[in-house]
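Notes for the one structure printed next.
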Amino acid sequence: MSSGTNPIDAPLTVVVDIEGTTSATGFITEQLYPYSRAHFGRWLDEHGDDPDVVRAVEAVRELIGEPDADDRRIVEALNGWLDRDEKVTPLKALQGMIWAEGFASGELTSHFYPDAIPALRAWHAAGHRLYIFSSGSVAAQRAWFGSSPEGSLLPLFSGHFDTENAGPKRVADSYRAIAARIGELPERLVFLSDVVDELDAAREAGWWTIGVRRPDADEPYYDRGVGDHPETATFARLDLDGDRPILREP
Ligand SMILES: CSCCC(=O)C(=O)COP(=O)(O)O
Ligand SMILES: [Mg+2]
């Protein structure tokens, strides 16, 4: 993919995580998770023939090793993963479909830290390409960023990556796949996340990393910290003007 690679003096490309980075984990676990829990059964009833739902249900059956699992058992498995906040791809796929409906009807709203939207807008205006890499599915990402309190932020983004189209977030090959997909050299890519294992994986792939540690983050994320990655509580400190990201003094 070197033909699509940005020139070395082009602005750095920024890839952001959502939960714990642009947005509060507690908001997602307290608003979005219960909403999906309340709607899994209805969704399978009403959309069971939709090819995306069929694919997700088959993936659940395979993961739980029960090829004949009925809808009741599928919902039970989904809720079990939700209870343990396991970022399982078919769970995230079904949540994304359900949340998209919730956002469209106005039942759901999204949350962004006060520094996140101004920084994303400024980086975009300065010519940085922006992408999202989240365990939340692409459908969930589009619904979330499409319904921000300041209107749709989707025009700011050049693309979306999730565990289905890129791979697990704690695996370096997922970051290599993203770099290849967007035609960018690893040293031109900056990843922002609250999870140290994700930051480690991105760095292993040759990316710059910034650990985002929000003061209001729930345990265990805040307590785990971001290891030896540069750390900030706010996007406002991030200077992307040079050939590497720099954190300004707070
Ligand atoms: C609002 S998008 C969906 C959020 C979600 O379900 C999730 O698991 C987010 O995890 P992240 O990788 O963004 O920390
Ligand atoms: Mg996160």
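Sequence positions, counted from 1, serve as the residue numbers for this chain. First listed ligand is number 1; within each ligand, the first listed atom is number 1.
- Atom numbering of ligand 1 starts at 1 in the shown order; those under 4.0 Å from a heavy atom of Tyr33 are 8 (O).
- Atom numbering of ligand 1 starts at 1 in the shown order; those under 4.0 Å from a heavy atom of Trp99 are 3 (C), 6 (O).
- Summarising the contacts of atom 8 (O) of ligand 1 with Lys87, Arg142, Glu198, the nearest heavy atom is found in Lys87.
- Taking the six-membered ring where tryptophan is involved, the planes of Phe235 and Trp123 are essentially parallel, since the angle between them stays under 30° and well short of 60°.
- Not a single N or O atom of Gln141, backbone or side chain, sits closer than 3.5 Å to an N or O atom of ligand 1.
- For the pair Thr209 (side chain) and His229 (backbone), a donor-acceptor distance under 3.5 Å is absent.
- Comparing Val16, Ile28, Val195 by heavy-atom distance to atom 4 (C) of ligand 1, the nearest is Ile28.
- Looking at ligand 1, you won't find any N or O of Leu32 less than 3.5 Å from one of its N or O atoms.
- A donor-acceptor contact shorter than 3.5 Å links the side chain of Asn165 to the backbone of His160.
- Using cut-offs of 30° and 60° for the angle between ring planes, the Trp99 and Tyr33 rings count as parallel.
- Figure legend: Arg214 and Tyr113 shown as a cation-pi pair, the cationic atom lying under 6.0 angstrom from the six-membered ring centre and within 45 degrees of its axis.
- In terms of protein heavy-atom proximity, atom 6 (O) of ligand 1 is nearest to Lys92 NZ, 2.8 Å.
- To the nearest 0.5 Å, the span separating NZ on Lys169 from OG on Ser135 amounts to 4.5 Å.
- Between Glu19 atom O and Asp17 atom OD1, the angle centred on the Mg ion (ligand 2) amounts to 110° (nearest 10°).
- In the hydrophobic clustering of this structure, Val16 groups with Ile210; members are Ile, Leu, Val, Met, Phe, Trp, Tyr whose side-chain heavy atoms approach within less than 4.5 Å, directly or through other members.
- Taken from CG in Asp228 to CG in Asp200, the straight-line distance is 7.0 Å, to the nearest 0.5 Å.
- Regarding atom 14 (O) of ligand 1, its nearest protein heavy-atom neighbour is Asp17 OD1, 2.8 Å.
- Scanning all protein heavy atoms for the shortest distance to atom 2 (S) of ligand 1 gives Ile18 CD1, 3.8 Å.
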(request) Could you check Trp43 against His39 for ring-ring contact (aromatic ring centres under 6.0 Å, His included), going step by step and ending with a plain yes or no? (result) CA-CA 6 Å; Trp43 200 262; His39 291 277; 8.2 Å; no
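- For ligand 1, one of its N or O atoms has an N or O atom of Glu19 under 3.5 Å away.
- Nearest N/O/S atom of Asp194 with respect to the Mg ion (ligand 2) is recorded as OD1.
- The protein atom (non-hydrogen) at minimum distance from atom 12 (O) of ligand 1 is Lys169 NZ, 2.6 Å.
- Proximity to Trp144 (heavy-atom distance under 4.0 Å) selects the following atoms of ligand 1: 1 (C).
- If you take CG on Asp243 and CD on Glu187, they are separated by 10.0 Å, rounding to the nearest 0.5 Å.
- For ligand 1, the atoms sitting less than 4.0 Å from at least one non-hydrogen atom of Ser134 are 9 (C), 10 (O), 11 (P), 12 (O), 13 (O), numbered in the order shown with element in parentheses.
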